[in-house]
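Structure, as structure tokens:
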Amino acid sequence: MRATHVKRAFKYRFYPTDAQAAELSRTFGCVRKVYNLALAARTEAWTRQERVNYNQTSAMLTAWKKTEELAYLNDVSSVPLQQALRHLQTAFTNFFGKRAKYPRFKSRKKSRKSAEYTTSAFRFREGTLTLAKMAGPLDIVWSRPLPEGASPSTVTVSQDAAGRWYVSLLCEDPSVQPLSATDTAVGIDVGLDHLLTLSTGEKIANPRHERRDREHLAKAQRQLARKAKGDGANRAKARRKAAKVYARITDRRRDHLHKLTTRLVRENQTIVIEDLTVRNMVKNGSVARAISDAAWSELRSMLEYKAQWYGREVIAIDRWFPSSKLCSVCGTSQGKMPLNVRTWTCDCGTTHDRDVNAAKNILAVGLTASVCGAGVRPQRSTPGGQSAMNQKPLRREP
């Protein structure tokens with residue numbers, strides 16, 4: 001059973017004073033330093049075949065603060081530093097559980113600047129948020145209201161590469177409740193010409209957000225490339241200009257995906273997708289840029305957590321299922337089918353749009369696997385092997 005209330009992060013932009021910006025920048029630096037020190041200590045212990053847990057790194061932090069070299073760690077709130085150690089513990093837990101790679105050190109230039117505060121390190125009253133070590137509240141732009149009576153459990157402050165400041169408040173949202181059950185289901189085939197093709201025949205255009213700003217981005221990158229490394233303020237200014245173009249692309253993409261996934265989840269009880277390995281697909285240099293711009297992984301992530309919120313189901317079928325090659329009417333396999341073939345006619349006389357046919361097959365095999373528990377991976381070792389969608393023999397090629 002799902003929880004009655006869902007915890008959601010509400011993210012807002014804010015504009016810190018000079019003193020607040022300086023305090024937060026110091027905090028970001030201290031968080032990064034503590035994380036790297038703890039990771040170095042745990043890595044060294046790992047080479048000795050020893051394990052260091054959170055409690056041990058917490059004791060190390062206390063000792064580090066007493067040294068002359070790291071005494072500046074006392075100048076910021078201790079809570080974000082402790083949270084950094086907890087995040088490192090989570091990273092190691094995922095590593096040992098084989099869900100992630102070995103944790104990496106945080107870079108001053110490349111890593112995300114953020115600090116997490118728990119309830120003991122902030123005060124939220126009457127719509128104002130004041131963090132520890134700060135005299136006044138943050139100037140937050142409340143672009144949308146928090147849930148009525150919301151009490152944030154954690155607050156995360158961050159600054160992106162474009163220099164924008166954000167605060168994220170984690171709250172329980174009682175307004176997120178399961179939607180009324182329906183009997184609608186949809187299969188989704190992702191692509192580049194069209195972002196999504198639905199089994200209903202609808203095709204959703206690919207906005208190609210990166211292409212729209214490609215000229216602006218290239219110009220900003222050329223200006224950055226002309227600035228010599230170590231050029232101080234000039235290089236930093238050019239870097240922020242390029243980062244703003246990237247941020248605009250990212251914001252538009254995320255907004256479009258949110259609207260699209262919310263619509264799909266609201267309209268359908270079951271959504272069937274392909275289990276694509278995007279990280280491998282982007283290794284193909286000819287399509288890597290387009291695939292990254294399409295953000296298929298982010299699309300799937302949004303579908304999954306929104307489906308969980310609203311009582312829907314997302315089914316992922318095996319990536320090797322030949323959805324484009326099978327006739328969705330008679331189940332005949334067409335063998336090889338180059339990507340330039342967009343429409344084809346089956347021996348049964350049915351003319352298919354390649355993407356719509358694939359979406360229909362994805363839906364059928366996903367529903368079959370969900371109902372009867374059959375596998376969705378075809379028997380690739382046997383020519384003309386059966387799939388979970390079609391249990392009758394497939395026609396073999398002559």
Side-chain angles (χ1 to χ4, degrees), residues 2-3 6-9 11 27-61 64 78-119 121 152-161 166 168-172 250 254 257 261 273-283 291-292 295-309 313-316 318-319:
R2 64 190 297 278
V6 170
K7 280 198 171 185
R8 296 181 63 183
K11 191 174 182 179
T27 303
F28 295 159
C30 291
V31 166
R32 184 178 62 252
K33 182 67 174 180
V34 168
Y35 186 95
N36 288 343
L37 286 172
L39 177 54
R42 296 184 70 148
T43 301
E44 184 180 352
W46 175 260
T47 59
R48 300 193 305 267
Q49 297 184 344
E50 298 177 4
R51 285 197 181 185
V52 175
N53 58 26
Y54 163 76
N55 291 332
Q56 291 169 293
T57 55
S58 182
M60 291 179 186
L61 175 59
W64 292 334
S78 62
V79 172
L81 306 185
Q82 292 289 347
Q83 290 300 101
L85 297 180
R86 290 189 175 93
H87 294 162
L88 180 60
Q89 178 63 38
T90 301
F92 270 100
T93 300
N94 291 333
F95 167 68
F96 291 126
K98 298 183 179 180
R99 295 183 295 273
K101 294 182 179 180
Y102 193 83
R104 295 183 296 180
F105 290 95
K106 292 184 179 292
S107 166
R108 183 175 65 87
K109 294 183 178 180
K110 297 181 180 180
S111 297
R112 179 172 179 261
K113 299 177 180 178
S114 67
E116 186 176 271
Y117 296 78
T118 57
T119 52
S153 57
T154 62
V155 169
T156 303
V157 181
S158 61
Q159 184 185 26
D160 66 9
Y166 291 97
S168 180
L169 292 80
L170 185 64
C171 312
E172 281 194 351
T250 302
R254 185 177 295 117
L257 291 179
T261 53
I273 58 177
E274 288 182 288
D275 183 22
L276 300 176
T277 52
V278 178
R279 68 168 65 90
N280 292 335
M281 299 175 72
V282 295
K283 294 178 182 178
I291 291 176
S292 298
W296 294 337
S297 294
E298 189 172 6
L299 172 74
R300 174 175 174 173
S301 176
M302 288 183 181
L303 283 174
E304 288 177 338
Y305 79 73
K306 289 180 182 181
Q308 185 178 10
W309 283 359
E313 183 182 18
V314 174
I315 301 172
D318 192 280
R319 66 183 68 96

Please determine whether the number of non-hydrogen atoms from other residues, nucleotides or ligands lying under 6.0 Å from atom NZ of K113 exceeds 12. no
Within a radius of less than 6.0 Å around CZ of R48, do more than 12 heavy atoms belonging to other residues, nucleotides or ligands occur? yes
Are [X] and [Y] side-chain neighbours, meaning at least one heavy-atom pair lies under 4.5 Å?
X	Y	value
F28	V157	yes
I273	I315	no
R51	F96	yes
R254	M302	yes
L39	Y102	yes
T93	R99	yes
V278	R300	no

From [X] [atom1] over to [Y] [atom2], what is the distance, rounded to the nearest 0.5 angstrom?
X	Y	atom1	atom2	value
Y117	T154	OH	OG1	12.5 Å
R104	S111	CZ	OG	8.0 Å
Q89	N94	CD	CG	10.0 Å
W296	L257	CH2	CG	12.5 Å
N53	L88	CG	CG	11.0 Å
L81	Y35	CG	OH	14.5 Å

Given 3.5 Å as the limit, does a donor-acceptor pair link the side chain of [X] with the main chain of [Y], or not?
X	Y	value
N36	K106	yes
S58	Y54	no
E304	S301	no
S107	K109	yes
R319	D275	yes

Write down the atom of [X], the atom of [Y], and the distance for their closest heavy-atom approach.
X	Y	answer
V52	A45	CG2-CB, 3.5 Å
V314	L303	CG2-O, 3.7 Å
A38	W64	N-CH2, 3.6 Å
P103	F95	CD-CB, 4.4 Å
V31	S114	CG1-O, 4.0 Å
L170	A9	CD1-N, 4.0 Å

Between Q83 and R86, do the side chains contain an N or O donor and an N or O acceptor separated by less than 3.5 Å? yes
Which residues share a salt bridge (charged side-chain N to carboxylate O under 4.0 Å, His left out) with E116, sequence neighbours left out: none
